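Inspection log for the structure reproduced underneath, given as structure tokens.
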Amino acid sequence: MFGLLKKNKPVKIRGYGGDRKYGIASKDVKELIKKGCKLLQLPLSGAHVCLYEDGTIVTEDFFPTLPDNCELVLLSRDQTWSGVVCDIGRLLNTDRHADGLIKAAKGLLSDEKSFKRRKILTDLLQNLEDRSDLESREEDEDWFTGVDVRFKTKSAYMKYNCESRIRGYMKEVDSATNSIQKAKVKEEFSKTSKYLVEMLKNDKYNGKYFDRTEEESRRLCTKEGWFTCQGSFEQKLCQSLHSINPYGSRESRIVFSTWNLDHRIEKKRSIIPALLEALQTHKTADINLNYFYQMLFTRENLKLVHIACHKKGAHNLMCDTNKMFRTSKNARKAKENTVGKRKRYT
């Protein structure tokens with residue numbers, strides 16, 4: 001009698017290899033499997049049902065708790081399902097440039113309600129036309145749209161892009177001269193700036209950070225051109241796992257321009273003021289230019305971050321006063337040796 005009172009529950013079911021869903025109403029799992037096998041032409045023996053979302057096996061006790069129109073997957077005896085990641089995994093195992101892949105991804109995206117899964121599918125679609133394996137202007141003209149004709153390869157432009165950012169930091173250092181009132185301090189600051197410029201020239205303005213043709217220890221990307229967000233200034237890793245390959249498409253190159261080479265110890269709030277303060281009572285020869293160079297222009301203090309991870313508020317981190325000045329031994333060295341004999345930071 002109890003079985004006759006059971007209400008039919010409507011669900012949506014699909015097979016392991018298909019994207020098409022079918023509506024079925026049944027009073028229990030046994031009836032659901034029987035109807036599903038008939039509809040999808042699967043052998044009844046060993047057939048089982050699980051949640052599309054996470055692969056949880058649907059039992060008789062679990063079935064009544066399912067919401068109406070819940071998405072399920074009907075599997076044969078030897079088939080398993082670990083959730084929506086299976087769909088994505090099957091897509092990634094096919095030809096990345098196949099029309100079928102694009103159609104399948106768009107189909108999933110149009111029917112997907114989960115924000116996180118929509119993000120995954122959107123990122124997948126954005127990278128389907130990835131042309132990161134191409135390097136020259138002749139091979140990928142679209143990538144170079146809006147890029148000066150003097151750049152013949154992607155790596156050359158990306159190197160220039162990084163150099164431009166570093167040059168911009170040096171300009172901010174130079175502009176601090178305008179705030180100096182004392183003539184002697186201004187003179188010493190001018191000397192310091194010139195030394196820093198020479199150090200940058202020797203390191204080619206650290207353009208290596210964005211150049212995928214550089215050695216692994218010198219660049220911030222993979223050899224294919226993928227960059228990973230290093231997280232906000234106070235974090236060790238990016239919590240959102242942001243990544244991008246500006247070598248892949250023109251759109252990605254443009255979006256990458258919004259990523260920041262962020263100073264952990266801030267340039268304007270901490271480093272430049274500390275340098276100015278040090279020069280109030282010390283000469284350039286007394287200043288540890290290696291330390292300030294590292295803080296201003298190298299990965300010792302720079303982090304590559306996605307715009308969402310770039311915190312513009314005060315970092316509340318200060319320069320290390322124990323490293324700002326030379327030791328007495330170093331102070332006796334000729335100032336012209338500062339650039340040539342310093343130990344480079346790479």
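These figures come from a predicted structure and were not determined experimentally.
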Find out if a path of hydrophobic residues (ILVMFWY) with successive side-chain heavy-atom gaps under 4.5 Å connects L296 to I287.
yes
Does a side chain donor of either S132 or E224 reach within less than 3.5 Å of an acceptor in the other side chain?
no
Ignoring hydrogens and angles, state whether a donor on the side chain of Y293 or D203 is under 3.5 Å from an acceptor on the partner side chain.
yes
Cation-pi check for W143 against R131: NZ or CZ below 6.0 Å from the six-membered ring centre and within 45 degrees of the axis, yes or no?
no
M295 and I271: side chain to side chain contact (heavy atoms under 4.5 Å, CB included), yes or no, with the steps?
CA-CA 7 Å; M295 292 300 99; I271 305 173; 3.7 Å; yes
Side chain of K154, backbone of E135: donor and acceptor closer than 3.5 Å?
no
Correct closest heavy-atom pair for R264 and F233 would be NE-O, 3.3 Å
I'd like to check the side-chain hydrogen bond (donor to acceptor under 3.5 Å, both in side chains) partners of N288; sequence neighbours left out, ordered by chain and number.
none
Criterion salt bridge (charged side-chain N to carboxylate O under 4.0 Å, His left out) on E188 and K191, from CA distance to verdict
CA-CA 5 Å; E188 289 301 321; K191 291 179 183 179; 3.4 Å; yes
Are any side-chain N or O atoms of K159 and backbone N or O atoms of T213, one a donor and one an acceptor, separated by less than 3.5 Å?
no
Measure from NZ or CZ of R219 to the centre of the six-membered ring of F210 and say whether it is under 6.0 Å with the direction within 45° of the ring axis.
no
Hphob cluster co-occupancy, Y52 + V49, side-chain heavy atoms under 4.5 angstrom:
no
Show your reasoning for whether side chain to side chain contact (heavy atoms under 4.5 Å, CB included) applies to C229 and W259.
CA-CA 9 Å; C229 174; W259 284 48; 3.9 Å; yes
Common cluster, I57/L75, ILVMFWY with side-chain heavy-atom separation under 4.5 Å:
no
I'd like to know whether F144 forms a ring-ring contact (aromatic ring centres under 6.0 Å, His included) with F151, so could you lay out the CA-CA distance, the side-chain angles of the two residues, the decisive distance to 0.1 Å, and finally the verdict.
CA-CA 8 Å; F144 287 87; F151 297 106; 8.5 Å; no
Please determine whether salt bridge (charged side-chain N to carboxylate O under 4.0 Å, His left out) holds for the pair R150 and D148, giving the CA-CA distance in whole Å, both sets of side-chain angles, and the decisive distance to 0.1 Å.
CA-CA 5 Å; R150 72 178 185 273; D148 194 288; 3.3 Å; yes
With the 4.5 Å side-chain cut-off for hydrophobic clustering, are I254 and L304 part of the same group?
no
Note: P246 and G225 closest approach over all heavy atoms is CD-O, 3.6 Å
Are K152 and S136 close enough, and set up right, to give a side chain to side chain contact (heavy atoms under 4.5 Å, CB included), and what steps lead you there?
CA-CA 6 Å; K152 306 303 180 183; S136 69; over 6 Å; no
Whether H306 side chain and A308 backbone form a donor-acceptor pair below 3.5 Å:
yes
Which atom pair, heavy atoms only, marks the closest approach of S232 to C309?
CB-O, 3.2 Å
Passes side chain to side chain contact (heavy atoms under 4.5 Å, CB included), R218 versus D211? Steps please.
CA-CA 9 Å; R218 295 164 64 85; D211 183 357; over 6 Å; no
Looking at residues at least two apart in the chain, or sitting in another chain, which of them share a side-chain hydrogen bond (donor to acceptor under 3.5 Å, both in side chains) with E141?
none
Identify whether NZ of Lys or CZ of Arg in R250 sits under 6.0 Å from the centre of the six-membered ring of F256 and within 45° of that ring's axis.
no
Charged N to carboxylate O under 4.0 angstrom, K223 versus E216?
no
In this structure, would F62 and V29 fall into the same cluster of hydrophobic residues linked by side-chain contacts under 4.5 Å?
yes
Do R253's NZ or CZ and the ring of Y157 fall within the cation-pi criteria of under 6.0 Å and 45°?
yes
Non-hydrogen atoms of L51 and W81 that approach each other most closely
O-CD1, 3.6 Å
